[in-house]
Amino acid sequence: MPADRHAMSAGTEEAPASGHTAPPCVVEMRSITKTFLDVTANSNVTFSLREGEICALLGENGAGKTTLMNILFGYYAADSGEIRIGGEKVSFSSPKDAIACRIGMVHQHFTLVPSQTVLENVVVGSGGGKFFLDLSGARKKLLALQERFGLSVDPDAPVWTLPIGGQQKVEILKALYRDARILILDEPTAVLAPLETRELFATLRTLAAGGCSIIFISHKLYEVMEIADRVVVLTKGVLTAERKVSETSERELANLMVGRDLAEKKRPPRGTPGSPLLEIRGLTVKNDRNLEAVNDLSLDIRSGEILGMAGVSGNGQRELAEALFGLRKPVSGTISVNGMPLPPARPKASVESGMGRIPEDRMTTGLLLELSVEENLVLENHADFRSLGMLDHGAIGRHAERLISDFSIKTDGRTAKAQTLSGGNLQKIILARELSASPKVVVAAQPTRGLDVGAIEYVHWRILDARASGAAILLISEDLDEIFQLSDRIAVMYEGRIMGIADGGSASREQIGLWMSGVNEPCA
Amino acid sequence: MIITKRAPLPGWVQVLVPVGAILVTLLLSAAPILFAGGDLWLSYTSLFKGALGTRYNFLETCVKAAPLTFTGLAVAFAFRAKFWNIGAEGQLLAGAIAATWVGISAPALPKVAVLILVCTAGFLAGGLWATVPALLKTKYRVDDVVTTLLLNYVMWHIMGYLLFGPLQMPNSSWPRSPAILEIARFPVLLARSRFHLGIVLAVAAVLIVWFINSKTVFGYRARAVGVNPRAAAFGGINVNSVIIRTALLSGGLAGMAGVGEVAAIHFHLLMDISPGFGYSGIVIAMLGRLHPLGTALAAFFFSVIIVGAQSMSRLTGVPTYIAEVIQGMALIVMLIALLLTEYRIKAVKD
Amino acid sequence: MEQVFTITFITGLLAAMMRMATPIIFGTLGEILSERAGVLNLGIEGIMLMGAMTGFLTTLTTGSLWLGVAAAALVGALLALFMAFLAVYLGLSQHVSGLGITLFSTGLAMFIYRLSVGSPVNPPTVRPFTQAAVPFLSEIPVIGPAFFTQYTLVYWAFLLIPALWVLLYRTTWGLAIRTVGENPLAADTVGINVNLVRTLCLAGGGALMGIGGAFLTLAHQNMFLIDVVGGRGWISIAMVIFGNWDPARGAAGALIFGFLDALQLRLQGLGFDIPFHLFLLIPYLMTVVALVSVSRRAAAPAGLLKPYRREEKG
Amino acid sequence: EVKDYKDFKLAAVFQTAIEEPWDGAIHQACILLQKELGFTYEFTEKVGAADFERVLREYAERGFDLIVGDAFLAGEEPSRRVAKDYPEVAFAFGSEFTFQEPNYSVFDNWIHEPSYLCGIIAGRMTKTNTLGIVAALPIAEVNRLVHAFKEGALSVNPKVKVKVAYIGSWFDPPKAKEATLAQIEAGADLIFAERFGVFEAAKEKGVLAFGNMMDQHDLAPEVVITGPVWNMGPTVRYCIDEVRSRKWKAGDLREWSMMARGGAYLAPFHEFQQKLPPEVLKEVRELEAKIMNGQFTVPIIETELKTD
Ligand SMILES: Nc1ncnc2c1ncn2[C@@H]1O[C@H](COP(=O)(O)OP(=O)(O)OP(=O)(O)O)[C@@H](O)[C@H]1O
Ligand SMILES: Nc1ncnc2c1ncn2[C@@H]1O[C@H](COP(=O)(O)OP(=O)(O)OP(=O)(O)O)[C@@H](O)[C@H]1O
Ligand SMILES: [Mg+2]
Ligand SMILES: [Mg+2]
């Protein structure tokens, strides 16, 4: 698909081409080292950023990207090393100092107060010594910013009512509201749909053009190629490579990150799909705001087929998945797995129906972080290890050992607490739990969100593997590449409805993109 | 000042830290003692003598530890499943009431049968009383902290009503029940002491709770619900039923504390049957890190302080309220000590 | 029964409601301030008792009521600062820290009292606050004598309700407090000193609790006795949740509770032949019932009970 | 031979804080006698129900000659158990039950006689014919007094009605105050204050009240007319001397708490000596004399008193 890639990167030219007249360094981090208990997150990292430059930070999960940025933002204290801002040596004891140096950071995991309005979230802490809140003044300033950078969100909407894309805008506005000149974005696109990403990039370019310097973290190499002027690669806490984007390639970057070439991303040929295993009829589901998020939706998925459900976040995908998992009570409609209808809002039933369930938020829904790996592995089937009310720990242990090796989960042992595992490995626990019993139906929601290329590769392989063994798979994802790589059929969800379904092999990104934005006439 | 996790300390340090905490507590309690003009050395010696010095005193400390262990377990078990049971006090009273009622009107059965009857009644009463807030929590999402707290007062007044009414001793105008029958009383296990069956039951309860927590399906589910209800539900666990069963068991344990006080200490029901055992249970459970064995240790530690400090105040002529002051200090110091086993504190100027 | 609907009965009932509610309102507002910043202060019962004791002894020795109130506030704040040291800076369990402080201060209050007054024939007394009538307003029938002929501290309590509301919802500090309580990380990343905010809120709340205690020994009564607080701190905790962490609703809860408590004492006086213990449990039972009705929208500050440590992961 | 006072050791064990008038009366008597006679006196207040037995054994072990205190409820069985185990120690306890051979005597606050006298004053003084009574709990020790108060009032004024409120605990002045206010608003113009908290309300509403247990004049000089006083002095002194001279035997010490023996009396009138109508004072003094010399016995009614 290089063609579309090119289409997307149209306009890279606007970005100030670094090199010709080298602008001054606004940030210099010298030999930064940071260790946590048992991990060295950054070792002797030296990094610099020029004015108006967009610099991408690459690295596997746990490479130390977030840590390095947290140090620059004054959130973590480095064990050693020094930081200079605009040539001045600084020592930050808290983000307050960093903000004073006009540094802003959009965190990997949003730092918003859901119950408060956008405006409140933006102005908090920026009172400037005033005692009484001046919300009207703040609103003016905010609207002006929105105007200027095309970041439109309703200032008075409570944040929890916003889609993820909207929440991210709030995060960016928070930084800009404090006149940040140095902007750090930690995996901003991980949760965005292509359209939103495009909007974001437009904003970033405007900012950079205005002399704002940007550090951009992402696991998506083509994004880096598109938006960044320069790329820096961290591996296991060490800065291992630096490239001008103009002088490198996706392939090289992948290699630099993972330390090996990634398998060529090619979708294995689809088998002949069998009988429908997952049937959804007239499903209507309400969201937390009690609005209809899924609207009279019907769908069939056949054995040995992957249906990719694309769509901009907040169009009902979450609610659809929750209904399938039995976490949310449908208003109407039926769901049947392998011919058997599921009783509404009974997670147990969806477990017993033999559905493999990969939830969107692995931390809050999928896992018991404070319990051990083995306890997480038997969350759904611990009853099978019961003998007169007691758990057969021996059997559970053996079961865990097998899965840990089958799914090559990196852990200090089956009794290690899940929370000490890494993102990718946490996802592996879920895969192991859900796919090892060779389920008839698999529902995977955002299965690779936040994971690095290596981990993603593994997840994809597992999903295709499940398809090969005849499962009907619903893949809900906001990552179009993932959709295009895996799907036999591609459906697009818009405002709770299915805009259309296209064949995975022949569908065009334009068509899907149009559907995602709610436009329905087929394009020439 | 910033606080960071530290690498696990070697076992012997882990043991030493609580000991250190006790010493610090003694050091601190010197202040009020001297302030009250008490003799320090006499205070310390009488504190330990009072709690552990003689056979009788040691056994008295065990007697005090029994109800504290029960309420501690009750709270620990509930908190583990994030059922914030502040109501052990009321559940204890419920248990005491039921035990009294059965104890007064016990049928002519072999003693073992009667004792089992008494305990079952107390356990159920406490348990059922605890399921009220549990049901309110699961059905109407009413905050359990408040309801359990308020229901303590409700049960206290219900007891008051009973002791001035149906349960009042016929020839007495005081809020007291008739004495329970001999056959319904816990046997004393060691001569010339009050070391009774209830203490053994408390120890048994510790082991049972530990077993349930770590070995049974229910224990697993309770833990799952405790750490992450949403994930537990996702995994097909019926969160509500887990909470309600937890309440039943938790309240039952608290009820057993009441049973012990009636069947082994007072032999009748009275308004101040519990000097706040239920509330101390919260403290003890937390000190014991919600772990059954830890809870038992904490309970014993606490009764040493209570019994010792009271006797100390008598021998030194320091107002008896010093006992609570020392308890409070002991608790806080011990808490800090336990923190230091996991974290290191760096002084940093902001 | 007809006695229930006489003017004097109703006036008296309402006036009593105000008095009974006042210490609980102080406690509730203090607790709301702390919990909105994310710290549950179970030390309240002990803090109120220390306030009652300190206020009383100060007035007893200096003869000045206002010094007594000030001392109570000061002691309340100090104990709350100690709470802050434990629960905020050390990040110890808020449950245990609070209960520890209650245990400690309960003992300490009686300990100090006994040492300073010994055992006289009659407990010492002070000349307490007298009721101050608000000009004009106190003339209004029923309303006047009930609401506008009260102790100064009662007026304070009721002025504090809107004051706290304004602080929380109309000031930059309030926004900071609420943010700290909901999501300390968010507050920290915009440069708010989470621990400082929590500490100040605890201290302020503690001061209010202390004054609430002093009301009992300097206005409503003129002597200090053990158990004078008698669970009013715990009730305040209940009212915070009942009021869904909102000053106005919390105070309303306290008023309802005060009303029921005043009512049950009067019903006893009317000589229904009902065991008095059943009267005594009315307020508690009613509160539970009321909770069921408000519960569905209950929303505790998301950061409550969670210590905030910057480098803690996950 | 008789034991010397300075070698004599007296201990007191109280279940409540010594501010509580009942225990306070015992404690005060012990302190006064100690000052006068110079024996050793130790006490423990606020002894929890479960600790009662341990505390008693501790004092017995430490060789105290006489242990007094209140045994009601929690203390009844333990104190009798301990007494059995230490026959050489003398025990004298406030108790609702009877004494126990050989060494366990009982006493109680038999101050219904002065209460009756207060009732007469109230009956004479009331304008609304409504009297208020604020008490802790409907127990015999309380019922005796409030009934005697009512009977006294009725004996001189048959139209009198009483309102009774129980606050449900030994200490809750705020509640007691509110109960009083309620009674005053309902027409009561004289209050019998069995518990603390009443006088504040009386002051605010400008009505008069009777104290209880001790001379509570100092608590509120302007409202406290008088009140039944329990003087444990005679009882304790009698016990000490019996024990010293090895004559101690178990018995009911009630007579030592009654007016004839000076164990109960009507608190001094202070200001009210002038304020009260002379004929009322005269009437009271006359009946007082009758009671002293046994010509008149005040009825003892121990059932719960209800609001008329
Ligand atoms: N909360 C924690 N406390 C202590 N150590 C932790 C914690 N979280 C992670 N670690 C350590 O950091 C290691 C790597 O964590 P991280 O999530 O960054 O791994 P990762 O590189 O992302 O793995 P993957 O690529 O599979 O996601 C963990 O294996 C663990 O040893
Ligand atoms: N507060 C912490 N406590 C303990 N370990 C931590 C902490 N923060 C980060 N780590 C560990 O430090 C390493 C670097 O983590 P960091 O979050 O910087 O990686 P990352 O590059 O951002 O990974 P990802 O791509 O998953 O976001 C990881 O091993 C992580 O587990
Ligand atoms: Mg990161
Ligand atoms: Mg990771």
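To find a chain, count down the sequence lines: A is the first, B the second, and so on, and within it residues start at 1.
Using a 4.5 Å cut-off between heavy atoms, Tyr161(B) contacts chain C through both its backbone and its side chain. Only the side chain of Leu149(B) has a heavy atom closer than 4.5 Å to any heavy atom of chain C. Contacts of Leu136(B) with chain C are made by side-chain atoms alone, with heavy-atom separations under 4.5 Å and no backbone atom involved. Using a 4.5 Å cut-off between heavy atoms, Phe257(C) does not touch chain B at all. For Leu162(B), no part sits under 4.5 Å from any heavy atom of chain C, backbone or side chain. Residue Pro133(B) does not touch chain C at all, counting heavy-atom pairs closer than 4.5 Å.
The most heavy-atom pairs under 4.5 Å with chain C, out of Leu335(B), Leu338(B), Leu331(B), come from Leu335(B). Taking Leu278(C), Ile101(C), Leu285(C), Leu196(C) one by one and counting their heavy-atom pairs under 4.5 Å with chain B, the maximum is reached by Leu278(C). Counting heavy-atom pairs closer than 4.5 Å to chain B, the top-ranked of the candidates Leu99(C), Leu92(C), Val288(C) is Leu92(C).
With sequence neighbours left out, Tyr308(C) forms a ring pair (Phe, Tyr, Trp, His ring centres under 6.0 Å) with no residue at all. Residues satisfying the side-chain hydrogen bond (donor to acceptor under 3.5 Å, both in side chains) criterion with Ser280(B), sequence neighbours excluded, are absent altogether. Shown here are the salt bridge (Lys or Arg N to Asp or Glu O under 4.0 Å) partners of Arg36(C), two or more places apart in sequence or in another chain: there are none.
Near-neighbour residues of residues 107-114 of chain C relative to chain B, defined by a heavy atom under 4.5 Å from a heavy atom of that chain, comprise Gly107(C), Leu108(C), Met110(C), Phe111(C), Arg114(C).
Using the six-membered ring where Trp is involved, Tyr284(C) and Tyr153(B) have ring planes that are parallel, under 30° apart on the 30 and 60° scheme.
Residue Met169(B) qualifies as enclosed at atom CE: its count of foreign heavy atoms under 6.0 Å is above 12.
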Inset, instruction - Please assess Val96(C) against Ile282(B) for the test side-chain contact (heavy atoms from CB on, under 4.5 Å), listing each intermediate value before the final yes or no. - result: CA-CA 7 Å; Val96(C) 199; Ile282(B) 301 167; over 6 Å; no
